[in-house]
Amino acid sequence: MGSSSRIADGRTAVVVGAGPNGLAAGCVLARAGMRVTVLEQHSSPGGGARTAGLIEPGVLHDVCATSLPLAVSSPCFQQLDIEQCGVRWVHPPYPMAHPFPDGTAAVLSRDIRETAESFGDARDAKIYSRLMTPLVQRWPDLIGQILSPLRIPRHPFLLARFGLSAIRSGLGLASMFRSERARGFMAGLAAHSGLPLDQSPGAAFALVLAAAGHAAGWPFVAGGTQHLVESLAARLAEYGGAIVTGCPVADTCDLPPADVYLFDVTPRQLVQIAGDWLPQSYRRRLTRYRYGPGVFKMDWVLTAPVPWAADECREAGVIHLGGNIEEIQESERAPHQGRIADLPLLLLAQPTLFDPSRAPAGRHVLWGYCHVPNGSQENVRANIERQIERFAPGFADVVVGRISMNCRHLEQYNPNLVGGDIGAGLYNWTQLFTRPVARLIPWATPNPRLFICSASTPPGGGVHGMCGCNSASTALNALRRQ
Ligand SMILES: Cc1cc2nc3c(=O)[nH]c(=O)nc-3n(C[C@H](O)[C@H](O)[C@H](O)COP(=O)(O)OP(=O)(O)OC[C@H]3O[C@@H](n4cnc5c(N)ncnc54)[C@H](O)[C@@H]3O)c2cc1C
């Protein structure tokens with residue numbers, strides 16, 4: 001995280017992009033004494049962490065991120081004390097439920113044993129408990145190591161234990177279990193990687209998300225994720241930094257003079273904006289950066305909670321709706337083959353069940369997305385609603401409003417969502433650890449004044465601010481050496 005001592009008093013920094021990483025970077029630099037300006041193309045800061053009334057007045061939807069397992073454990077946000085700035089976490093009784101067509105569900109509970117028992121198979125329950133207990137018991141050490149810059153591990157045995165299972169594909173991890181419920185549950189978690197289930201390291205996503213669920217929960221922010229953005233903006237203002245909205249940066253000519261520039265953008269945009277500030281060889285490597293599948297995002301206004309067949313789903317913040325592992329495998333393979341699955345795996349969230357402040361009485365919101373081919377402009381609404389109806393008969397009767405965004409809409413809303421990729425790049429082996437290119441210090445570029453701070457750098461996607469913190473620490477170290 002670097003030093004918070006005022007080592008850079010009076011030096012200037014410009015951050016391009018006010019997503020959670022850009023704002024976190026701005027806070028770290030301003031706290032160190034730099035004069036920081038954050039330039040944001042949108043009319044408000046927040047990037048993938050905004051909340052807005054999209055359908056009916058007074059009904060609030062998280063436009064992008066909603067369930068925040070990494071934010072609540074983030075060393076960056078802890079150091080910036082975002083809770084003191086007004087973030088209040090809302091923890092549903094279950095972080096996640098995974099229903100099956102027979103009307104039952106496996107649950108991710110805060111209690112490892114309850115999760116294990118929800119598989120309905122004593123052998124699988126034992127395997128799950130053995131797998132998760134050491135990770136959960138040492139969660140602060142593990143997440144600190146995963147989210148921090150690559151370095152000689154402080155907890156090598158813990159990391160090795162995690163790594164041995166994490167290097168597998170989602171399918172490989174699921175194959176440790178024999179029951180349909182445990183296998184489907186693991187597949188749903190691994191699908192967050194956006195990889196086909198047979199590609200590694202999908203298991204890493206499943207293990208981190210499951211351990212986070214047990215150790216820290218998958219909370220929402222009361223009132224919407226926007227409050228997290230507002231707390232970061234308040235911290236930045238407190239440290240003397242400024243945000244300028246409605247300010248797209250298309251070229252280096254658009255940038256005011258500064259000692260350092262941090263870009264909260266993905267490699268493709270960086271090449272377009274600041275390619276002439278970078279040597280050709282590095283630029284070429286950036287253009288080889290690969291993006292992942294896109295998503296089709298939907299938001300609904302409902303007159304009542306979703307009428308789930310499985311009772312457990314009424315107690316869960318997030319629902320993984322994809323049925324058994326074979327169905328999930330087909331769903332997650334299709335986007336990589338340029339297809340959309342008939343019954344796609346849906347990641348759904350139902351925040352108003354636990355946070356009534358987001359909607360007036362008699363109204364609920366539902367949030368959800370599925371993976372589609374990168375850049376797809378197809379309307380997947382019918383597939384999505386058919387899948388929900390399958391697990392919640394009567395769903396259509398409670399819907400009073402809906403809005404959707406295909407990949408093109410998402411990229412227009414936020415240029416970092418290249419082709420609708422919400423992960424700022426594919427999470428295959430190389431790009432998980434060496435984003436955006438293989439380099440000892442990935443946030444630095446060959447230009448000593450130019451740094452990258454987006455989710456296209458380690459530790460990658462999700463709202464946790466760690467890419468921004470790591471990048472800002474790198475910039476401060478560089479200034480210290482000058
Ligand atoms: C639909 C969806 C659902 C998601 N769900 C979750 C979730 O539940 N939990 C979770 O943890 N994460 C989730 N994510 C991922 C999360 O939102 C991102 O990983 C995170 O926001 C990345 O932060 P960032 O600061 O790197 O980039 P972003 O949040 O994308 O911010 C980049 C900012 O830079 C601005 N910008 C880009 N180009 C320019 C330019 N040229 N000039 C000026 N400004 C520019 C953009 O407008 C944007 O504000 C989701 C994302 C999406 C899209």
Side-chain angles (χ1 to χ4, degrees), residues 14-26 37-50 61-74 76-77 95-96 192 194 208-209 212 218-221 225 228-229 232 243-252 254-255 261-266 268-270 272-274 292 294-299 317-318 347-349 351 367-371 404-407 409-418 420-425 427 435 452-457 459-469 471:
V14 166
V15 180
V16 177
N21 283 314
L23 292 172
T37 308
V38 182
L39 307 178
E40 167 57 48
Q41 57 101 25
H42 199 270
S43 55
S44 68
R50 297 190 191 97
H61 306 266
D62 286 329
V63 183
C64 299
T66 193
S67 170
L68 302 175
L70 298 177
V72 73
S73 293
S74 162
C76 170
F77 292 164
M96 186 270 287
H192 281 261
V208 168
L209 287 170
W218 291 12
F220 300 109
V221 173
T225 308
L228 189 150
V229 171
L232 289 173
I243 304 172
V244 184
T245 55
C247 185
V249 175
D251 197 276
T252 47
D254 298 331
L255 292 167
Y261 297 90
L262 279 75
F263 283 84
D264 185 5
V265 305
T266 78
R268 188 177 299 178
Q269 299 147 270
L270 184 64
Q272 281 161 2
I273 298 169
V295 308
F296 187 88
K297 165 85 195 310
M298 284 195 74
D299 291 279
V318 171
L347 305 177
L348 297 174
W367 166 112
Y369 70 81
C370 67
H371 290 128
S404 58
M405 286 198 280
N406 67 23
C407 296
H409 301 137
L410 284 165
E411 190 170 339
Q412 279 165 351
Y413 172 72
N414 176 354
N416 282 32
L417 305 173
V418 176
D421 173 6
I422 70 171
Y427 288 93
R435 315 163 69 80
I452 311 175
C453 67
S454 73
S456 299
T457 63
V463 175
H464 45 64
M466 290 302 297
C467 312
C469 278
S471 181

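Sequential numbering from 1 along the given sequence is applied to the chain's residues. Only this structure's heavy atoms are used, side chains among them; waters, hydrogens and symmetry mates stay out. Each ligand, and each atom within it, is numbered from 1 in the order the structure gives.
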Hey, is ligand 1 close enough to T66 that some N/O pair sits below 3.5 Å? yes

Does any N or O atom in V63 lie less than 3.5 angstrom from one in ligand 1, N or O only? no

Please report whether ligand 1 has a polar contact with A49, defined as an N or O pair separated by less than 3.5 Å (distance criterion only). no

Between C407 and G294, the two heavy atoms sitting closest are SG-CA, 3.8 Å

With a 4.0 Å heavy-atom cut-off (strictly under), which part of A250 contacts ligand 1: side chain, backbone, both or neither? neither

Report yes if some N/O of W367 lies less than 3.5 Å from some N/O of ligand 1; otherwise report no. no

Applying side chain to side chain donor-acceptor pair (under 3.5 Å) to S74 and not counting sequence neighbours gives none

Is there a donor-acceptor pair closer than 3.5 Å between any side-chain N or O of N416 and the backbone N or O of D264? yes

Return yes if some donor-acceptor pair links the side-chain N/O of R435 with the main-chain N/O of Y427 below 3.5 Å, else return no. no

Taking all atoms of both residues into account, what is the closest heavy-atom pair of V249 and L39, and its distance? CG2-CD1, 3.8 Å

Interfacing atoms of ligand 1 (cut-off 4.0 Å, heavy-atom, I273): 41 (N)

Numbering the atoms of ligand 1 from 1, which are under 4.0 Å from a heavy atom of G48? 17 (O), 21 (O), 28 (P), 29 (O)

Under 3.5 Å donor-acceptor, D421 side chain and V418 backbone: no

Contact (N/O only, under 3.5 Å) between N21 and ligand 1: yes

Specify side chain, backbone, both or neither for Q269, according to which of its non-hydrogen atoms lie closer than 4.0 Å to ligand 1. side chain

Judged by non-hydrogen atoms, does L70 sit under 4.0 Å from ligand 1? no

Decide whether the shortest distance between a heavy atom of W218 and an atom of ligand 1 is less than 4.0 Å. no

Would you say ligand 1 has an N or O under 3.5 Å from any N or O of V463? yes

Between K297 (side chain only) and V63 (backbone N and O only), is there a donor and an acceptor less than 3.5 Å apart? yes

Check whether any side-chain N or O of S456 sits under 3.5 Å from a backbone N or O of T266 as a donor-acceptor pair, and report yes or no. no

For ligand 1, note which part of L23 has a heavy atom under 4.0 Å away: side chain, backbone, both or neither. neither

At a non-hydrogen distance cut-off of under 4.0 Å, which region of V16 contacts ligand 1 (side chain, backbone, both, or neither)? side chain

So, 4.0 Å and heavy atoms of P248: is ligand 1 close enough to count as a contact? yes

On a heavy-atom basis, I'd like to know which of K297, H192, E40 is closest to atom 47 (O) of ligand 1. E40

Got a donor-acceptor contact below 3.5 angstrom from the W367 side chain to the D62 backbone? yes

Note: A71 and F77 closest approach over all heavy atoms is O-CD1, 3.7 Å

Only heavy atoms count here, so choose which of V72, N416, I452, D251 is nearest to atom 32 (C) of ligand 1. N416

Atoms in ligand 1 with a heavy atom of P20 nearer than 4.0 Å: 21 (O), 23 (O), 25 (O), 29 (O)

Answer with side chain, backbone, both or neither: which part of V265 has a heavy atom less than 4.0 angstrom from an atom of ligand 1? side chain

Within the 4.0 Å heavy-atom shell around G461, which atoms of ligand 1 are there? 19 (O)

State whether the shortest distance between N or O atoms of N414 and N or O atoms of ligand 1 falls below 3.5 angstrom. yes

Would one find an N or O of L410, backbone or side chain, under 3.5 Å from an N or O of ligand 1? no

Close-contact set for ligand 1 against G47 heavy atoms, below 4.0 Å: 29 (O), 31 (O), 48 (C), 49 (O)

Is P69 near ligand 1, meaning one of its heavy atoms is under 4.0 Å from it? no

Below 3.5 Å, N or O to N or O, backbone or side chain included: is there any such pair between S454 and ligand 1? no

Give a yes or no on whether a salt bridge exists between E40 and R50, defined as a side-chain N under 4.0 angstrom from a carboxylate O. yes

Side-chain (S43) to main-chain (G246) donor-acceptor, under 3.5 angstrom: no

D251 side chain to D254 backbone, donor-acceptor under 3.5 Å: no

Run the contact test for P415 against ligand 1 with a 4.0 Å cut-off on heavy atoms, strictly below, and give the result. yes

Out of S456, A18, A455, who is nearest to atom 22 (C) of ligand 1 when you count heavy atoms only? A455

Min N/O separation R50 to ligand 1 under 3.5 Å: yes

Atoms of ligand 1, numbered as shown, that sit under 4.0 Å from any heavy atom of L39: 43 (C), 44 (N)

S471: what forms a side chain to side chain donor-acceptor pair (under 3.5 Å) with it, not counting sequence neighbours? none

Determine whether the aromatic ring centres of residues F296 and H371 are separated by less than 6.0 angstrom. no

What closest approach, in Å, do P69 and W218 show between heavy atoms, and which atom pair accounts for it? CB-CD1, 3.5 Å

